[in-house]
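Have a look at the structure below, then the notes.
In each ligand, atom 1 is the first atom listed, and ligand 1 is the first ligand listed.
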Amino acid sequence: MSREIFVQVAVDRPLDRLFEYRCPEGKEAFEGQRVRLTFGRSTLIGVVLGSGKVPELDPARIRTLEAILDPEPILTPPQLELLRFVSRYYQHPIGEVVLNALPPALRKGNPLPEPRRPEILWQTDQPEGTARIGARQRAVLDALALVAVPLTLQALNDLTGLGLRGAELERLQSRGWIRAIPWTPVVPPTPAGPAVGLTPEQQAAITQIRGGSGQRAVFLLDGVTGSGKTEVYLEAAAHALGQNRQVLILVPEIALTPQLVQRVSRRFPGQVAALHSGLAEGERLRVWEQARRGHHRLLLGTRSAVFAPLPQLGLIIVDEEHDPAYKQQDGLRYHARDLAILRGHIESLPVVLGSATPTLETLVRARDGRYQHLHLSKRPDGSLPPPVACIDTRVHHTDEGLTIPLLDAMRRTLEQGRQCFVLLNRRGFARALACDHCGWVADCPHCDARLTVHAAAHRAVCHLCGHSQPLAGHCPECAQELTHQGIGTQRLERALARHFPGTPLLRLDRDSVRRRGELERCLETIRSMGSGIVVGTQMLAKGHDYPRVGLVGIIDVDQGLFSVDLRAAEQTLQLVLQAAGRAGRAGEPGEVWVQTGHPEHPLMRALRAGDYPTMIEPLLHEREAAGMPPFGFMALVRVDAPTPEASLHHAENLALDLRRHARDVSVLGPAPAPRHRVNQRYREQILLLSPLRANLHKALHDARMHWEAHPPPRNLRVAIDVDPITLG
Ligand code: ADP
Ligand code: ZN
Ligand code: ZN
């Protein structure tokens, strides 16, 4: 009889432990391989995380794996180290963490796709001036001549943007203008250098980052909007690729940055792939697998791409590191920027964090010298982003959100043939449906929230749970006519159409770009439309490089000034500055107007004061005084249950447990979450704060072990949020 081999397996169940199984006879499973197994009465997919140990259970009671699914480990040792850390750090069950890191197709047990069949590379020896040739064909020959290395079809398309098909190239081949050669697993050398002459600041930043290659190093690339950070990323990436390493670039949202994707693809034709949740399942799996096999040299992805397998990874870049989209807000609540830094540490490679408005966390670490602080203090043409001016809405009456000074400034901008961006962070038509007579307001039946008016759809919608109902015309209490209170982007759009008849007008928010491809089309229209107005939510502040924006108007920042939420002030500053950064590129100055009823508020004064470091100084003092991040460490324990009593009762028990286990940790609460009721569930939360991270983690860990041993009722949910970015 052959030797029995036992393995420890992680499965997708909320239990923070591994499970022992026996390998099928004559087979052996290794760490990082997927297996299929019987768990209770279900069949599950698991990942082997340990082998070779003497089993703890009686071998007679250990079940045998149904199958070993992968011919080799699909997660590398550094990846597994990262995932183990994530499980400990975010206090999340290891099986859920590991399975979460795989593309959905692999989680289901689908096989790895076959290796890509070898592709053909195209090359030209054709001298210039080939007689009688179409413009498209000319472009192909020029591109091939320019890079002077053989290219795949995809690389040619990246480079030319022509959307060529194989048949077209075959026609060129049949006329003897290009040649096909078999694909070889050689990394194509990086074609062409930077498209522009670099500024001394850019050059210095690149030199520093290159100097960090092969080492644990974190760089903060702190550069005003439009200062050429992307150019620095590209040069740093070129260096890593040239050393035969892979590069990971994280972005907050891929659909909002088509130009970044384009710039990267053009610079490194055929080497770039994008990985994000917008991909179809099969495509996502293929990209993941090609990255794992080292075919994709540069991976551009959103938050979850931080877990992507990149065996030769040499550099990680996190663009717009301040963006809250990097934090997952449900399930495993990880922060992709923080994990990028950790991954760099595990794999000994440099990580670059780029932003015009870095988070306080990142800035403090740069000031402490834990990160190397690289500055791009101005734009390549020497200009700076425009200063921010306020319009006092106590003095200037607003008509559907718009003041006369803003309308006048817009008119001037439009007369110059430029664009105006008008930003309001509330989608829908109106904030609320209300009765002016008796004070009745339409609330969501499931949440502590007002229903938002969506006039075009004739519905009142809850933005928290998605509940929607027909738009009532009359008050259910007193039968008077209801009014639409407050302004949303749709109402603003209508008001602007009234003020600027005949001017091109576009709206950009989640409602206007619901379908696939609409966002890309909308962004393209903005770039190509010439003079006009774009109304939108914070989506407008992201995106890149709109060439003709002369004015940015921000309709209402006041909610951000008085919110009690942890990062509201910081995020308001970031939003305004990011939006401001869209105005006035290409040598023409722009204007930024913020409408506020509180121009004397410290934040508004800070905004007018000029630069970001000065603005955030008071915020840093506040945080320090309160022992809040980045000066203390924070976690939230969120409890929700179908009744308010159950929620409070269990939250109180959890708080007691936490207090029992806490050393030098303040345990605050429970207190009702800012939105107590969402989707018919009642939410309480407990806040933990400690000057020492280790103490905070120990308290959480010990309390959690206690809860696992004494599980709460099934209809109760407990979620731990380590380093929360919002209390909401
Ligand atoms: P950021 O990423 O900091 O917003 P970008 O890299 O997108 O800035 O650069 C802003 C604009 O300036 C782009 O159009 C870019 O092509 C241009 N640019 C960047 N670096 C230089 C340079 N050294 N000289 C001239 N133009 C540059
Ligand atoms: Zn009424
Ligand atoms: Zn609701």
Quick note, salt bridge (Lys or Arg N to Asp or Glu O under 4.0 Å) partners involving residues 569-580, not counting sequence neighbours, are Glu570-Arg623
Region of Pro380 engaging ligand 1 - heavy atom pairs below 4.0 Å:
side chain
With only distance considered, is Thr225 within less than 3.5 Å of ligand 1 through an N or O on each side?
no
Sidechain-backbone polar pair: Thr483 side chain, Gln485 backbone, donor-acceptor under 3.5 Å
no
Tally every protein N/O/S atom whose distance to the Zn ion (ligand 3) is less than 2.8 Å; waters are neither shown nor counted.
4
Exactly one of Val218, Asp319, Ile317, Leu221 clears side chain to side chain contact (heavy atoms under 4.5 Å, CB included) with Leu353, and that residue is Val218
Please report whether ligand 1 has a polar contact with Gly226, defined as an N or O pair separated by less than 3.5 Å (distance criterion only).
yes
If we number the atoms of ligand 1 from 1 as shown, the ones under 4.0 Å from a heavy atom of Leu198 are 23 (N)
By number and element, which atoms of ligand 1 are closer than 4.0 Å to a non-hydrogen atom of Gly197?
22 (C), 23 (N), 24 (N)
Taking side chain to side chain donor-acceptor pair (under 3.5 Å) as the criterion, tell me which of Asp640, Asn715, Thr643 meets it with Arg681.
Asp640
What do you reckon, does Arg263 put a non-hydrogen atom under 4.0 Å from ligand 1?
yes
Under 2.8 Å from the Zn ion (ligand 2), the protein N, O or S atoms found are Cys435 SG, Cys438 SG, Cys475 SG, Cys478 SG
Note: Ser468 and Val461 closest approach over all heavy atoms is CB-CG2, 3.9 Å
For a quick check under 3.5 Å, do His322 and Ser355 share a side-chain donor-acceptor pair by atom type?
yes
Can you name the residues that form a salt bridge (charged side-chain N to carboxylate O under 4.0 Å, His left out) with Arg491, not counting sequence neighbours?
Glu400
What atoms of ligand 1 come closer than 4.0 angstrom to any heavy atom of Thr199?
23 (N)
In this structure, which one of Val224, Thr225, Leu607 forms a side chain to side chain contact (heavy atoms under 4.5 Å, CB included) with Leu577?
Leu607
Which of the numbered atoms in ligand 1 are under 4.0 angstrom from any heavy atom belonging to Gly228?
1 (P), 3 (O), 5 (P), 6 (O), 8 (O), 9 (O), 19 (C)
